[in-house]
Amino acid sequence: MNNSLKLGLVGIGKIARDQHLPAIAANPRFALTACASRNAEVNGVRNYTDIERLLAVEPELDAISLTATPQVRFEQARAALAAGKHVMLEKPPTANLGEIEVLRTMARDANRTLFATWHSRHAPAVEPAREWLATQRIESVAVRWKEDVRRWHPGQDWIWQPGGLGVFDPGINALSIVTRILPREILLQDATLWVPADAQTPIAAELAFIDEAGVPVRAEFDWRHGPVEQWEIDVVTGAGLLQISGGGKRLSIAGEAVELAAEREYPSLYERFDWLIAHGAEDVDVRPLRHVADAFLLGARHEVEAFGL
Ligand code: NAP
């Protein structure tokens, strides 16, 4: 443990407890030293109510992992980079595209690692799918990312506020996989957003992209779906259908299930953060966020029934 990285975790909510704390505890390269959250504490470490106090009192921290809501990520990341820390960002990395560029420049200038995570890219189906698709003739892509918002986001008002992304909060996970597995860039051509009368962000969206070779890539995101969630990506190729399901836990190619490793998205994220720090590297791919921004720029909006906020 002597040469482990002293880590601070900021924003102790659902994802911090469900995934980050167990992944950090299981990784000997990180020593969770302190946490900051306005309303929560973690047993066994020093706790502060905000990141400024944490950074002031814990100068020996090497790295900070940010797991609060996207609307506050930029200010927290800026404070951590200004204090000389390596920084890992939950997805989406920031609430807009300008913020992440400022953070990237700050990190480079300070010679610190900035890691904008996309946890779904670490799902077991993703790399085998990418490797197989690299040699195929792709004909079309269809994404269905549908779930019950009341089950998956209970009480999370921030998702309905500006910067909260609405249905793009899970939808951006699908886009993070699509931008990893397809061999060419995709461009948004058309989008439709359905926005509840009492919300600022969509509850459903349909996106129509083409790739650089003109191949259609369609995506349907819907939070009015249930009870069984649908997190699927179909890629029709000259050699048959590649299907990712279970959000990346399962893969089939031409009707045959592909044997995959067990799901370990967050342990894999912390291994990558350690690797990036050790190699003086960054990992900041803004493309999933850019596609969401394009959907907000191009999308036709339709008001739908109030959600009941
Ligand atoms: P959450 O539980 O609603 O929020 C996380 C924590 O952020 C809250 O507990 C709160 O802690 C802090 N926070 C909220 N507003 C804040 C503010 N104005 N200033 C400072 N801190 C604030 O949300 P979550 O589900 O963990 O999601 C957090 C991030 O993880 C999101 O970007 C989400 O996309 C991502 N994520 C979530 C999941 C999931 O399954 N939930 C999965 C993957 C990624 P305090 O009140 O104690 O400060």
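Order of appearance sets the numbers: ligands from 1, and atoms from 1 within every ligand. Numbering starts at 1 and runs along the sequence shown. These figures come from a predicted structure and were not determined experimentally.
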A.B. asks: With heavy atoms only and a cut-off of under 4.0 Å, state how Thr69 meets ligand 1: side chain, backbone, both or neither.
C.D. replies: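 For Thr69, the contact with ligand 1 is made by both the backbone and the side chain.
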
A.B. asks: What atoms of ligand 1 come closer than 4.0 angstrom to any heavy atom of Pro92?
C.D. replies: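 Ligand 1 atoms under the 4.0 Å threshold to Pro92: 32 (O).
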
A.B. asks: Give the residue and atom name of whichever protein heavy atom lies nearest to atom 45 (P) of ligand 1, and the separation in Å to one decimal.
C.D. replies: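 Looking only at protein heavy atoms, the one closest to atom 45 (P) of ligand 1 is Ser37 OG, 3.3 Å.
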
A.B. asks: Pull out every atom of ligand 1 sitting under 4.0 Å from any heavy atom of Gln156, numbered as shown with elements.
C.D. replies: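 Result: 1 (P), 2 (O), 3 (O), 23 (O), 24 (P), 25 (O).
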
A.B. asks: Could you find the nearest protein heavy atom to atom 46 (O) of ligand 1 and give me its residue, atom name and distance?
C.D. replies: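 In this structure, atom 46 (O) of ligand 1 has Asn39 ND2, 2.7 Å as its nearest protein heavy atom.
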
A.B. asks: Any idea which atoms of ligand 1 are less than 4.0 Å away from a heavy-atom of Tyr266?
C.D. replies: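 Close to Tyr266: 43 (C), 44 (C).
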
A.B. asks: Mind checking whether Phe221 and Phe168 have parallel, tilted or perpendicular rings, split at 30° and 60°?
C.D. replies: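 Ring orientation, 0 to 90° scale: perpendicular.
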
A.B. asks: Just to be sure I'm reading this right: ignoring hydrogens, which of Glu90, Lys14, Lys91, Gln71 gets closest to atom 33 (C) of ligand 1? Compare them by their nearest heavy atoms.
C.D. replies: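 Nearest option to atom 33 (C) of ligand 1, by heavy atoms: Lys91.
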
A.B. asks: Heavy atoms only, cut-off 4.0 Å: how does Asp18 contact ligand 1, side chain, backbone, both, or neither?
C.D. replies: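 It is neither; nothing of Asp18 touches ligand 1.
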
A.B. asks: For ligand 1, which atoms sit closer than 4.0 Å to a heavy atom of Ala40?
C.D. replies: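 The list of qualifying atoms is 47 (O).
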
A.B. asks: Quick test: of every protein heavy atom, which one is nearest to atom 12 (C) of ligand 1, and how far off is it to 0.1 Å?
C.D. replies: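 The closest one turns out to be Ala68 CB, 3.9 Å.
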
A.B. asks: Specify side chain, backbone, both or neither for His119, according to which of its non-hydrogen atoms lie closer than 4.0 Å to ligand 1.
C.D. replies: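 Contact part for His119 vs ligand 1: side chain (C-beta onward).
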
A.B. asks: Do the charged groups of Glu303 and Arg301 touch, with an N to O distance under 4.0 Å?
C.D. replies: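 The answer is no: the pair does not qualify as a salt bridge.
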
A.B. asks: Quick test: of every protein heavy atom, which one is nearest to atom 19 (N) of ligand 1, and how far off is it to 0.1 Å?
C.D. replies: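 Of the protein heavy atoms, Val72 CG1, 3.5 Å lies nearest.
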
A.B. asks: Please determine whether side chain to side chain contact (heavy atoms under 4.5 Å, CB included) holds for the pair Val178 and Val143, giving the CA-CA distance in whole Å, both sets of side-chain angles, and the decisive distance to 0.1 Å.
C.D. replies: CA-CA 9 Å; Val178 166; Val143 178; 3.8 Å; yes

A.B. asks: Okay, side chain of Asp234, backbone of Gln243: is any donor-acceptor separation there less than 3.5 Å?
C.D. replies: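 No: the side chain of Asp234 does not pair with the backbone of Gln243.
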
A.B. asks: Taking Arg108 first and then Glu282, would you say they form a salt bridge - that is, a charged N and a carboxylate O separated by under 4.0 Å?
C.D. replies: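 Looking at Glu282 together with Arg108, the answer is yes, because their closest N to O distance falls below 4.0 Å.
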
A.B. asks: So which protein heavy atom does atom 9 (O) of ligand 1 come closest to, and at what separation?
C.D. replies: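 Residue, atom and distance for the closest contact: Gly13 CA, 3.2 Å.
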
A.B. asks: Could you identify the single nearest non-hydrogen protein atom to atom 27 (O) of ligand 1 and state the distance to 0.1 Å?
C.D. replies: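 Checked against all protein heavy atoms, atom 27 (O) of ligand 1 sits closest to Trp158 CZ2, 3.7 Å.
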
A.B. asks: Which atoms of ligand 1 sit under 4.0 Å from any heavy atom of Arg73?
C.D. replies: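 Result: 32 (O).
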
A.B. asks: Give the residue, atom name and distance (to 0.1 Å) of the protein heavy atom nearest atom 10 (C) of ligand 1.
C.D. replies: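 Minimum-distance protein heavy atom for atom 10 (C) of ligand 1 reads Arg38 NH2, 3.9 Å.
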
A.B. asks: Identify whether NZ of Lys or CZ of Arg in Arg224 sits under 6.0 Å from the centre of the six-membered ring of Phe307 and within 45° of that ring's axis.
C.D. replies: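 No, Arg224 and Phe307 do not form such a contact.
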
A.B. asks: Is the closest N or O pair between Asp169 and ligand 1 shorter than 3.5 Å?
C.D. replies: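 Yes; the residue has a nitrogen or oxygen that sits under 3.5 Å from a nitrogen or oxygen of the ligand.
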
A.B. asks: Look at atom 30 (O) of ligand 1 and find which of Thr117, Asp157, Ile15, Ile12 reaches it with the closest heavy atom.
C.D. replies: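 The residue whose heavy atom sits nearest atom 30 (O) of ligand 1 is Ile15.
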
A.B. asks: Between His153 and Trp223, what is the ring plane arrangement, given parallel below 30°, perpendicular above 60°, and tilted in between?
C.D. replies: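 Tilted, since the angle between the ring planes falls between 30° and 60°.
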
A.B. asks: Mark up the atoms of ligand 1 that fall under 4.0 Å of a heavy atom belonging to Pro70, in ascending order.
C.D. replies: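 Every atom of ligand 1 under 4.0 Å from some heavy atom of Pro70: 32 (O).
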
A.B. asks: Using 4.0 Å as the upper bound for N to carboxylate O, is an ion pair formed by Asp285 and Arg121?
C.D. replies: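 A salt bridge is present here (some side-chain N lies under 4.0 Å from a carboxylate O).
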
A.B. asks: Should the pair Lys146-Glu232 be classified as a salt bridge under the 4.0 Å nitrogen-to-oxygen rule?
C.D. replies: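 Salt bridge absent between Lys146 and Glu232.
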
A.B. asks: Does any N or O in the side chain of Lys249 come within less than 3.5 Å of the main-chain N or O of Glu263, such that one atom is a donor and the other an acceptor?
C.D. replies: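 The answer is no, because no donor-acceptor pair under 3.5 Å joins these two groups.
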
A.B. asks: Does the gap between the ring centers of His122 and Tyr266 come in under 6.0 Å?
C.D. replies: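 No, the ring of His122 stays outside the 6.0 Å limit from the ring of Tyr266, centre to centre.
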
A.B. asks: Give a yes or no on whether a salt bridge exists between Arg287 and Glu185, defined as a side-chain N under 4.0 angstrom from a carboxylate O.
C.D. replies: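 The answer is yes: the pair qualifies as a salt bridge.
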
